[in-house]
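In what follows, a structure is listed as structure tokens, so that the remarks can point back to it.
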2 protein chains.
Amino acid sequence: MFKNWPYDRCMTTAPNPGEPRWLTAEEQAVWRSYLHATTLLEDSLDRQLQRDAGMPHVYYGLLVKLAEAPRRRLRMTELAKDAKITRSRLSHAIARLEKNGWVRREDCPNDRRGQNACLTDRGFEVLKKAAPGHVTAVRQAVFDRLSPEQVRQLGEITRIMAESLQPDGTDADLPWLR
Amino acid sequence: MFKNWPYDRCMTTAPNPGEPRWLTAEEQAVWRSYLHATTLLEDSLDRQLQRDAGMPHVYYGLLVKLAEAPRRRLRMTELAKDAKITRSRLSHAIARLEKNGWVRREDCPNDRRGQNACLTDRGFEVLKKAAPGHVTAVRQAVFDRLSPEQVRQLGEITRIMAESLQPDGTDADLPWLR
DNA sequence: CCGAGCTAGTTCAATGTTCAAGAATTGGCC
DNA sequence: GGCCAATTCTTGAACATTGAACTAGCTCGG
């Protein structure tokens, strides 16, 4: 019989050949809680940044990466890898940010295929203006609610999860390189 | 001085008036790890489900909610609340799922404004076929890698995060009701 | 029973994302 | 050098999401 389909079923029987191991009741509850939290948080940050900075969270993340890079510029592929997005998505995103005047493309000196995305002064200003609100939002939703021990746990758990999805640091044939 | 702009800066000085409390080095590392993990996981599940079931993760989630509901149907607003998405997004999603023949709309008997989304038999079959692969993917990325203690911790942490973003169970003027 | 305000759901236009295809360049290998 | 495969980035079309405006129906106080 199904209990709480489709995550757990047939809990009392040994897994048939071809049947996956369904989630236990606790795993299921945790998974839903995880989905719940990540969805709400991402939506909330997107809305906050759209309102205060005129861009979605991912785009903000791109500006952050650029701001931290030496000379505030990065090769497209490098940036895509850092941000864990496809190069296609990055192309579109940079096009938009360029139209806003927050990023500038320039040719890569040594590789004529390459492009550098450079954060402009205006882009930096926008980022500087948006950062306090963003950090506050992150704090309020996460770090101010968790104990130091829980913060440590969250770091360890997400480290493990990320590792399983992107084995060590290898860039080898990962989807975002397509 | 900036250390690792823009998440932490001025760590050694007391917060100026108007300055937010920046993230500590550890909080920052945890936050990046969190973003990293959640991005990779969501992308991975989206790709897995797109490949195996022809729909993104969110749409799959909608089918799951419907499958679990009494008589496999839910009011649109109810479904939107459950799935934590806006009604607009849901309208589009159901339109697409309806075109696929996986969901059917029907008028609500007692409220003529209302619509029920009903999972069709075909939709149920698609779900049944996709579920094993999905559960396996979730297991491989999360539950098979974490200790029972970590699973418990993750549940508690995400519960707290979700709570802060959607205070108790109230449906009061939340963004997805717009 | 009537009107103001609320609720349910949809639609439109603008924006963002994906996937597959394509153009330009590079690098290894003979 | 010259060829083939791989790398870099872009493009365009299809699809998904957002936010605001809109229609229709409900509700409740007077």
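Letters go in sequence order (proteins before strands), and every chain restarts at 1. Keep in mind the model is a prediction, meaning the values are calculated, not measured. Note: hydrogens, waters and symmetry copies are ignored here, and every other heavy atom, side chains too, is used.
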Discussion item. I'd like to know if Arg122(A) pairs up with Glu125(A) as an ion pair, taking the criterion as any Lys NZ or Arg NE/NH1/NH2 lying under 4.0 Å from an Asp or Glu carboxylate oxygen.
Written reply: no
Worksheet item: Out of dG9(C), dT26(C), dT17(D), which nucleotide sits closest to the side chain of Asp111(A)?
Response: dT26(C)
Discussion item. Nearest whole Å is fine: how far is dT17(C) P from Tyr59(A) OH?
Written reply: 4 Å
Fill in: Quiz item: Ser88(A) side-chain donor-acceptor pair to dT11(D) base, under 3.5 Å
yes
Response to the item:
Per atom distances to the Arg96(A) side chain, the nearest of dT11(C), dG16(C), dT11(D) is dG16(C)
Discussion item. Let's see if you can work this out: which of dC12(C), dT10(D), dT25(C) has an atom nearest to the side-chain heavy atoms of Met76(A)?
Written reply: dT10(D)
Worksheet item: Any donor-acceptor pair under 3.5 Å joining the side chain of Arg113(A) to the base of dT7(D)?
Response: yes
Worksheet item: OP1 or OP2 of dT7(D) sitting under 4.0 Å from any side-chain N/O of Arg87(A)?
Response: no
Worksheet item: Using a cut-off of less than 4.0 Å, is there contact between a side-chain N or O of Arg47(A) and OP1 or OP2 of dG19(D)?
Response: no
Fill in: Side-chain-base donor-acceptor pair under 3.5 Å for His92(B) and dC12(C)
yes
Discussion item. Below 30° counts as parallel, above 60° as perpendicular, anything between as tilted: where do the rings of His134(A) and His57(A) land?
Written reply: tilted
Fill in: Cationic tip of Arg96(B) above Tyr59(B) ring, under 6.0 Å, 45° of axis
no
Practice prompt. Provide, to the nearest angstrom, the distance between the CZ atom belonging to Arg89(A) and the C1' atom belonging to dT18(C).
Written response: 9 Å
Worksheet item: How close or far is atom C1' of dT17(D) from atom NE2 of His57(B), stated in whole angstroms?
Response: 17 Å
Fill in: Spacing of Leu90(A) atom CG relative to dC9(D) atom P, expressed in whole Å
9 Å
Practice prompt. Measure from NZ on Lys84(A) to P on dT18(C) and round the result to the nearest Å.
Written response: 15 Å
Discussion item. Does this structure show an ion pair linking Arg159(B) with Glu163(B), if we count only N-O contacts that are shorter than 4.0 Å?
Written reply: yes
Fill in: Donor-acceptor pair (no angle test) under 3.5 Å: Ser91(A) side chain, dC9(D) base
no
Discussion item. Quick check on DNA chain D: between Asp46(A) and Asn116(A), whose nearest nucleotide comes earlier from the 5' end?
Written reply: Asn116(A)
